[in-house]
Amino acid sequence: MSEPVTGITTPIRMEYRYTPGRTTSDFLKAMKGGRMEGRRCPSCRKVYFPARGGCSMCGREFAETVPIKETGTLATFAVVNVNFANRVIDLPYVTAEVVFDGADTTTMVLLRGVSPEEVRMGMRVKAHWIPKEEWDYSLANIDYVEPIDEPDAEYDSYKDLV
Amino acid sequence: MRDVAIVSFAQHSQRREDTRNEVEMLIPVIREALEPIGLTSQDMGFTVSGSTDYLAGQAFAFVQALDAVGPWPPISESHVEMDGAFALYEAWVRLQSGDIDTALVYSFGKSSPGDVARVLALQLEPYLLGPLWPDAVSLAALQARALLDSGKATEKDLARVVSRSRKNAQANPYAQLKGDIDEAALLDEPLYADPLRKHDVPPVSDGAAVLILAAGDRARELSSNPVWIRGIDHRIDIQSPGSRDLTVSPSTTLAAKKAGVPKDPDIAELHAPFSSQELILIEALGLDETRTSINPSGGALAANAVMVAGLQRFGEAFNRINKGDARNAVVHATSGPCLQQNLVAVLEGSN
Amino acid sequence: MSGKLAAVLGTGQTKHVSARKDVSIAGLVREAADRALADAQLEWKDIDAVVVGKAPDMFEGVMMPELYLAEALGALGKPMFRVHTAGSVGGSTAVVASHLVQGGIHERVLTVAFEKQSESNAMWALSIRIPFSQPLVAGAGGYFAPIVRGYIRKSGAPLDTGYKVVLKDRLNALKNPFAHVHDHEITYEKIAESPLLWDPIRYAETCPSSDGAAAMVIGSEAAAAKQDRPVAWIHGTSVKSEPTMGAGRDRVNPHAGRMCAQEVYKEAGITDPFRQIDCAEIYVPFSWFEPMWMENLGFAEEGTGWKMVQDGTTSLTGEMPINMSGGVLSTNPIGASGMIRFLEAANQVRGMAGEHQVPDAKVAMGHAYGGGSQFFAMWVVGSEKPTS
């Protein structure tokens, strides 16, 4: 008897042309121009950054555009010691969930400029952009956030977003 | 069985949709389905959707689509990796338990981002058939060839099906392909996947559909003419196209028997993406084309948003019965290569 | 109870391992289904319909694989149904199968859930870069670690709470022949010294990646009456969902989980879950989710779930045993993981859980969650027919 076949490799290659949708298109255009823009739900009045198709709490299309500041509060974070294929970063790195000023949602971004042991919830941070000539239709225009010289935010001010 | 009816339906126009994403397509359609009956998604006892990740090209594609419902406070909700018609089946089952009276069913599918005929080849058994990449059109062509060779149909019959679809679709504002085209003109077209011509193959459509179901008295409160689901059943055949007679659809015939398809229903909305499949389904369901209006909406040849097209058949039949244009209907949805899995339902008006 | 009575007549699962190279996907699901039928002392012809669940199709590279699996699962000419609700799918699949019986549609339904992660690359499937999505992705751990940090901050739990969960679960797994991870050398120190992958989550505190399948036969009251072996009566089921990215959603103690628990307790006539439920199998892919779900399920007051870990309440011999089988931390064929929770709960009240049996378990809970802690499925099963 010959050995059983225990595996075959069948490569799958497929191409897709994604449609970001109207809300995300507006967001990406703003990012390309170096502006952070959130969208407000007309029903619950919460501001989403970045905004996707609609307010998922209310099932409503968004209404007005709201400028979002480059400063924000680090609500929670992880120190990551494992790399992923889609982005190679020196280990360890810190993924931060940041509530940018003006937004009611957290955004996951890279935190730099502080050693992992010194990172704490409530830290105030600011967005650091990639060079202007490299700006694209992407949230990745914000390369990372870094700490700024402000007192930590009160826990109560962000605890609902942890 | 508890009496369950369709009380509302709305759909997104079926075409290539380049500006809206799935959530943006669904939000207005869900609102359009709920408004006439004066309810919100929060009033629903159960919500269930049908879609598939491979169409969207990303895992968990249905997760974001749920945003369109506004599931807050949290809702009772489920999802099937199947055509929306099967989501409707789950809602019907859920309503049988008796503790809830309403359900919202939705389905979305964008066939345009990828190469849909190749994407569907990923449904095939992955070790022997799948690696050969027989795409959905080629498999349907094999089925059509078997049908013609069996002597049960001719190329002229295929053209007749397409001509009827295009003509019927002229009255359907949501359809993608429509027109007053006769059989002779269709037969003059070149072959595309022998023996199929391009028009025997469905268009690439993006779409969304939403139906509201209600049980018993609740249905009568919500609609002056609720459309009752008198029977519903689904069955599956073996997948391998080499292991079955492709000219027949035993699972459709069995589901029709279980669902109690009546003799000569007024209309039939059949989910036949290929013209040859419509002929196979007509035979499997025992329909007489001279007595039953086949695909008055134009069917899947006129618009074929994958994962939506089956649920849409329910909606199209609902619209006609609800308006009084028909008394009853047989509705069909399919899944898998060459009509592998089939769902059949019988709808009937109140009046 | 809503609808007619239904009960678990038999269960089956595969020995979960990282790669089942000796079987195809069809062979894997067939193995679990055959065992469920054998346990129920039934034959394929006794099954009216088949309900299949699994997590994303990209994990195996087959779209809607139930179509091809219809043959292996004896479904030809029968209704075949496929559920996908992310990580909760194994649980919600069992709930759909229950409704087919409770709604009076069928007498006996076979339900199967599986994942054969070795056939493709799950990490790849989860990290496909959509051009305009958030650019920073660090796997499931990258998503859940900040939430765990939030729990630690809110509850003030000692940092070794997670270690104690893992130690308990991995020791329980040694009593379960089907569990994937059988680590006879496991110690508290080894867990505490394992690498910090996603601080505060250590490597030893994460679930393995498994190939495996689970199956159950669910039957009507009449079908249950014909069984020689004990059955598990379904006292209540519930599914609840909320949006992933909703502004202000509580991800540490999700509203949907609390609602789901309240609904299933109400249906099962349970007013004091800690006292009335004898044991529970809950979905804990990262150690800290045990104390978090203890609170979410109402077994503990908010902020105190960790105390039940620290004082041994959740151990196999404790007052409220949790994950007697070793849980998801010891076995994780993703799509099947939820069903394994439901199945293990059923086996407990049938008195058929083997070495990890909780003595005299009469009422047990099965729990699953998925997505970004937003999809929940639960059931409560009992050794006696429900009275409510």
Side-chain angles (χ1 to χ4, degrees), chain A residues 3-31 38-65 84-86 104-108 137-139 160-161, chain B residues 16-31 34 40-42 44 47 53-58 61 63-75 104 106 108 110-122 124-133 204 206:
Chain A
E3 286 297 301
V5 176
T6 59
I8 52 168
T9 302
T10 55
I12 294 172
R13 178 179 170 80
M14 296 198 297
E15 289 184 20
Y16 289 85
R17 199 170 149 265
Y18 292 102
T19 303
R22 293 178 173 185
T23 311
T24 302
S25 291
D26 291 345
F27 167 78
L28 295 173
K29 282 180 209 160
M31 289 302 293
R39 297 292 292 275
R40 190 188 299 281
C41 171
S43 179
C44 67
R45 309 296 297 161
K46 298 275 192 187
V47 175
Y48 283 71
F49 176 82
R52 306 188 303 173
C55 173
S56 57
M57 301 296 253
C58 305
R60 293 280 299 268
E61 289 103 340
F62 288 112
E64 82 243 52
T65 299
F84 281 81
N86 60 350
D104 295 308
T105 58
T106 58
T107 308
M108 193 177 268
Y137 298 104
S138 175
L139 181 60
D160 291 341
L161 291 160
Chain B
R16 283 176 186 261
E17 170 60 69
D18 291 331
T19 59
R20 289 185 173 89
N21 65 20
E22 286 84 345
V23 173
E24 290 167 339
M25 288 167 74
L26 274 168
I27 288 176
V29 181
I30 290 172
R31 187 165 52 222
L34 286 165
T40 71
S41 56
Q42 282 295 325
M44 296 291 122
T47 299
D53 282 351
Y54 265 113
L55 208 56
Q58 55 180 311
V63 174
Q64 194 186 338
L66 181 62
D67 289 0
V69 178
W72 190 264
I75 59 171
L104 185 148
Y106 69 93
F108 62 94
K110 293 185 76 167
S111 312
S112 70
D115 179 342
V116 65
R118 274 173 64 79
V119 168
L120 289 170
L122 288 171
L124 301 169
E125 169 276 305
Y127 307 107
L128 300 172
L129 187 55
L132 304 176
W133 283 90
V204 174
D206 300 336

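Residue numbering restarts at 1 for every chain, and letters A, B, ... go by the order of the sequence lines.
- Considering all non-hydrogen atoms of both residues, A:Ala63 and A:Pro42 come closest at N-CD, 3.8 Å.
- Proximity to chain A (any heavy atom under 4.5 Å) is shown, for B:Ile30, by neither the backbone nor the side chain.
- Neither the backbone nor the side chain of B:Ser41 comes within contact range of chain A; no heavy atom of the residue lies under 4.5 Å from a heavy atom of that chain.
- Ranked by heavy-atom pairs shorter than 4.5 Å toward chain A, the options B:Arg118, B:Glu22, B:Glu24 are led by B:Glu24.
- Both the backbone and the side chain of A:Thr23 have a heavy atom closer than 4.5 Å to some heavy atom of chain B.
- In this structure, chain B has a heavy atom under 4.5 Å from the side chain of A:Thr10, while its backbone stays farther away.
- The side-chain heavy atoms of A:Ile12 and B:Trp133, taken from C-beta on, include a pair separated by under 4.5 Å.
- A:Glu61 meets the salt bridge (charged side-chain N to carboxylate O under 4.0 Å, His left out) test with B:Arg31; sequence neighbours excluded.
- Heavy-atom distances place both the backbone and the side chain of B:Pro28 under 4.5 Å from chain A.
- Neither the backbone nor the side chain of B:Gln42 comes within less than 4.5 Å of any heavy atom of chain A.
- Between chain B and the options A:Arg60, A:Glu15, A:Arg22, A:Met14, heavy-atom pairs under 4.5 Å are most frequent for A:Arg22.
- Between chain A and the residues B:Asn21, B:Val69, B:Asp18, the most heavy-atom pairs under 4.5 angstrom are made by B:Asn21.
- The backbone N or O of A:Leu161 sits nowhere less than 3.5 Å from a side-chain atom of A:Thr106 that would complete a donor-acceptor pair.
- Looking only at side-chain heavy atoms (C-beta outward), B:Leu104 and B:Ile75 stay at 4.5 Å or farther from each other.
- Counting all heavy atoms, side chain and backbone alike, B:Ala65 lies closest to B:Val23 at CA-CG2, 3.9 Å.
- Looking at residues two or more places apart in sequence or on another chain, you find a ring pair (Phe, Tyr, Trp, His ring centres under 6.0 Å) between A:Phe62 and A:Tyr48.
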